[in-house]
Amino acid sequence: MIDLSKYSKELSKFFSTAKNILLISHINPDGDAIGSQLAMYHFLKSQGRNVNMMTPNYLQEFINWMDGAEFINIFIKERKKCLALIGEADLIVMLDFNQPGRLGEAEKAVLTSSSYKVVIDHHLDPVNMADLIISDPTKCSTSELVHELVCEMNGAPYISRPYAEALYVGIITDTGNFEHGTYSSRTFRIVADLLDSGIEKARILNLIYNNFSADRIRLQGFALNRKMVVIPEYKTAYIFLSKDDLKEYNHVKGDTEGFVNMPLSIKGINFSALFVEKDGFVKLSFRSKGRFPTNEFAAQYFAGGGHLNASGGESYDTLDNTIDSFLKALKDNVWRFEEQI
Ligand code: 5GP
Ligand code: MN
């Protein structure tokens with residue numbers, strides 16, 4: 001755990017002197033990226049700060065309903081406006097990522113801007129990409145970290161309805177509704193305060209989780225039934241989907257979200273992978289139970305990274321060759337399946 005009071009003092013100073021604050025979340029933003037970004041936004045607005053928001057690409061439907069999401073500028077949609085916001089900002093705060101590549105097409109403009117840069121994040125192994133890096137992998141979500149920083153800066157517990165809703169979305173999505181990740185008793189104390197503040201839990205859960213198309217559910221059935229391979233000797237299972245598979249089920253962005261977690265519910269399976277064929281590359285997702293470091297595996301073999309139990313990477317080979325490389329990598333790691341899984 002990090003010394004939050006030290007960081008919150010520094011942050012407070014920057015927030016109170018900055019003229020133009022820009023909050024940036026990562027490419028393909030998830031619930032925690034947008035949740036932490038909006039929570040920080042609502043807090044800073046309540047303090048009368050001049051604050052703008054940007055994300056490299058589009059928000060999916062399961063999060064675009066959130067209060068304040070309409071004020072998030074999409075870099076690939078409004079390039080000119082976003083470049084102006086980056087240029088005008090004297091303080092840029094990047095939330096929920098610690099690698100420059102997660103800025104997508106905005107990477108160069110952000111990194112070369114003359115603004116003071118802060119990263120607030122909970123992933124392992126931050127890249128030195130900012131003047132101040134507030135990194136705490138013991139937090140279940142960046143939202144949890146934002147809340148603790150905000151309360152420290154505020155000198156008292158801070159809460160408002162849109163702020164609480166944003167934090168709640170970040171926490172439930174990054175823990176898979178309290179199934180995985182580094183959530184703790186502290187997380188539940190925060191969630192208790194959020195619930196006490198009157199957020200509409202049922203409505204939020206419905207908007208986040210009960211938002212699928214029939215095609216998506218059918219794709220899930222197909223993936224599990226026809227495209228999942230179980231390798232008991234490696235305590236591993238993987239799912240692979242080609243572009244044709246996705247087309248057949250009228251795939252839209254986000255439809256395969258969560259698929260990678262499903263094989264972990266098989267008894268004896270502790271490592272799971274998902275391969276999704278995209279235009280010109282294959283996107284990989286990894287999940288594990290226990291101590292197997294999926295982030296090290298992703299970094300070593302697939303130019304990726306992430307958390308111990310949840311990570312991802314990319315392969316610029318065909319789907320078949322990528323699966324072959326994965327199977328070879330599994331063989332290289334066979335000792336781990338005995339010792340660490
Ligand atoms: P997901 O499997 O949900 O796409 O990603 C899980 C986590 O893995 C993300 O929160 C992120 O930390 C990490 N991750 C996913 N893809 C990549 C990647 O291509 N590169 C890196 N460095 N991390 C990734
Ligand atoms: Mn996160």
Side-chain angles (χ1 to χ4, degrees), residues 24-40 55-57 60 62-63 94-104 107 119-127 129 134-148 166-183 187 208 223 238-241 253-264 271-276 278 280-288 292-316 322 326:
I24 305 182
S25 56
H26 60 74
I27 193 163
N28 303 326
D30 57 11
D32 188 33
I34 299 302
S36 58
Q37 186 176 28
L38 286 176
M40 191 58 102
T55 192
N57 64 352
Q60 286 168 35
F62 78 99
I63 41 173
M94 297 176 262
L95 294 137
D96 199 39
F97 64 103
N98 63 13
Q99 304 207 336
R102 309 281 279 162
L103 285 161
E107 178 176 345
V119 162
I120 302 179
D121 181 49
H122 70 132
H123 295 88
L124 294 165
D125 306 324
V127 170
M129 58 189 257
I134 307 177
S135 165
D136 188 353
T138 71
K139 298 284 186 281
C140 76
S141 54
T142 301
S143 298
E144 182 176 315
L145 178 55
V146 161
H147 182 54
E148 299 206 332
L167 287 182
Y168 187 68
V169 167
I171 291 172
I172 62 170
T173 53
D174 251 28
T175 60
N177 230 354
F178 309 108
E179 248 186 64
H180 51 75
T182 50
Y183 66 87
T187 313
I208 297 274
Y238 66 91
I239 293 171
F240 60 105
L241 293 167
K253 204 168 165 50
D255 274 356
T256 58
E257 202 80 38
F259 284 15
V260 66
N261 294 305
M262 295 188 293
L264 286 184
F271 180 38
S272 132
L274 171 71
F275 303 81
V276 180
K278 308 262 182 189
F281 72 104
V282 178
K283 179 72 203 163
L284 297 98
S285 287
F286 301 110
R287 297 291 185 273
S288 71
F292 181 68
T294 66
N295 53 336
E296 284 175 23
F297 185 87
Q300 187 175 349
Y301 298 101
F302 298 105
H307 309 271
L308 187 84
N309 296 124
S311 64
E314 288 173 0
S315 158
Y316 288 83
T322 302
F326 172 72

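In this text, all values refer to a predicted model and were calculated from it rather than measured experimentally. The first residue in the sequence is number 1, and the count goes up from there. As the structure lists them, so they are numbered: ligands from 1, and atoms in each ligand from 1.
In terms of heavy atoms, His123 sits closest to Pro137 at O-CG, 3.9 Å. Nearest heavy atoms, Ser135 versus Pro126: OG-CG, 3.8 Å. Looking at every heavy atom in both residues, Gln99 comes nearest to Phe97 through O-CD1, 3.5 Å. Shortest non-hydrogen contact noted between Asn295 and Leu308 is OD1-CA, 3.5 Å. Contact detail for Pro56 and Ser25: the closest heavy-atom pair is CD-O, 3.0 Å.
In terms of protein heavy-atom proximity, atom 16 (N) of ligand 1 is closest to Lys283 NZ, 2.8 Å. The protein heavy atom nearest to atom 20 (N) of ligand 1 is Gly304 CA, 3.7 Å. From the protein, the heavy atom lying nearest to atom 3 (O) of ligand 1 is Arg287 NH2, 2.9 Å. In terms of protein heavy atoms, atom 2 (O) of ligand 1 is closest to Ser285 OG, 2.7 Å. Protein heavy atom nearest atom 13 (C) of ligand 1, with residue, atom name and distance: Gly305 O, 3.4 Å. From the protein, the heavy atom lying nearest to atom 22 (N) of ligand 1 is Gln99 OE1, 2.8 Å.
Judged by distance alone, the side chains of Thr182 and Thr138 never bring a donor and an acceptor atom under 3.5 Å apart.
Listed by number with element, the atoms of ligand 1 under 4.0 Å from a non-hydrogen atom of Arg102 are 11 (C). Within ligand 1, counting atoms from 1 as listed, the ones closer than 4.0 Å to a heavy atom of Gly306 are 12 (O), 13 (C). Which parts of ligand 1 touch Ala310 is read off a 4.0 Å heavy-atom cut-off, strictly below it: atoms 7 (C), 8 (O). Annotation for ligand 1: atoms under 4.0 Å from non-hydrogen atoms of His123 are 10 (O), 12 (O). Close approach to Ser311 involves these atoms of ligand 1, each under 4.0 Å from a residue heavy atom: 2 (O), 7 (C), 8 (O).
Within the coordination shell of the Mn ion (ligand 2), defined by N, O or S atoms under 2.8 Å, Asp121 is absent. The distance from the Mn ion (ligand 2) to the nearest N/O/S atom of His123 is not under 2.8 Å.
Nearest N/O/S atom of Asp174 relative to the Mn ion (ligand 2): this is OD2. Looking at Asp96 and the Mn ion (ligand 2) together, the shortest N, O or S contact belongs to OD1. The Mn ion (ligand 2) lies closest to atom OD2 when only the N/O/S atoms of Asp32 are considered.
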Test side chain to side chain donor-acceptor pair (under 3.5 Å) applied to Thr173 and Asp32, step by step: CA-CA 7 Å; Thr173 53; Asp32 188 33; over 6 Å; no
Could you give me the CA-CA distance, side-chain angles and deciding distance for Ser315 and Thr322, then say whether side chain to side chain donor-acceptor pair (under 3.5 Å) is met? CA-CA 7 Å; Ser315 158; Thr322 302; 2.7 Å; yes
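Taking the six-membered ring where the residue is Trp, Tyr183 and Phe178 present perpendicular rings, their angle passing 60° and hence far from 30°. Ring pair Phe271/Phe326 is tilted by interplanar angle, where 30° to 60° counts as tilted.
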